[in-house]
Participant: 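Take a look at this one; I'll ask things after.
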Amino acid sequence: MTKAQIAAALEAIVKQQLDDCERAIKAGQRTIALNELADAMAQLKQLAKIVKKS
């Protein structure tokens, strides 16, 4: 993966999962926030595996 591809993947994870997590926290929806955080962690781990193979 190129640096641009990695940056785009990181931006997508932040935009999708962590923004949703922040909204859930602000709304007091703890379970949803934790689920969104878990999804973000899983995506980051997958990205790390892909980068490691490159």
Side-chain angles (χ1 to χ4, degrees):
M1 291 184 83
T2 67
K3 287 182 181 181
Q5 289 172 319
I6 294 168
L10 289 170
E11 287 175 4
I13 292 168
V14 169
K15 185 176 188 301
Q16 294 168 1
Q17 305 308 134
L18 297 182
D19 284 353
D20 289 346
C21 182
E22 182 180 23
R23 278 192 291 280
I25 290 169
K26 287 180 180 179
Q29 299 172 328
R30 183 175 186 258
T31 301
I32 293 172
L34 289 173
N35 288 340
E36 294 297 342
L37 185 57
D39 289 345
M41 289 173 44
Q43 288 181 17
L44 289 170
K45 287 178 182 179
Q46 183 64 30
L47 178 61
K49 286 180 186 178
I50 292 168
V51 170
K52 192 174 183 179
K53 289 181 184 178
S54 297

Participant: I'd like to check the salt bridge (charged side-chain N to carboxylate O under 4.0 Å, His left out) partners of K26; sequence neighbours left out, ordered by chain and number.
Facilitator: E22
Participant: Going by salt bridge (Lys or Arg N to Asp or Glu O under 4.0 Å), name the pairs with one or both residues in residues 4-20, residues two or more places apart or in two chains.
Facilitator: D20-R23
Participant: Each residue besides I25 in its hydrophobic cluster should be listed here, by chain and number; the cluster joins Ile, Leu, Val, Met, Phe, Trp and Tyr at side-chain heavy-atom distances under 4.5 Å.
Facilitator: none
Participant: Show me, pair by pair, the donor-acceptor contacts under 3.5 angstrom made by side chains of residues 27-35, not counting sequence neighbours?
Facilitator:
unit_1, atom_1, unit_2, atom_2, d
N35, ND2, T31, O, 3.4

Participant: The criterion is side-chain hydrogen bond (donor to acceptor under 3.5 Å, both in side chains); which residues satisfy it with Q43, sequence neighbours excluded?
Facilitator: Q17
Participant: Scan residues 40-54 for pairs that pass salt bridge (Lys or Arg N to Asp or Glu O under 4.0 Å), counting only residues two or more places apart or in two chains.
Facilitator: none
Participant: Report the C-alpha distance between L10 and L44 in whole Å, list the side-chain angles of each, state the deciding distance to 0.1 Å, and finish with yes or no for side-chain contact (heavy atoms from CB on, under 4.5 Å).
Facilitator: CA-CA 8 Å; L10 289 170; L44 289 170; 3.6 Å; yes
Participant: Under the side-chain contact (heavy atoms from CB on, under 4.5 Å) test, which residues partner M1, sequence neighbours left out?
Facilitator: Q5, I6, L47, I50, V51, S54
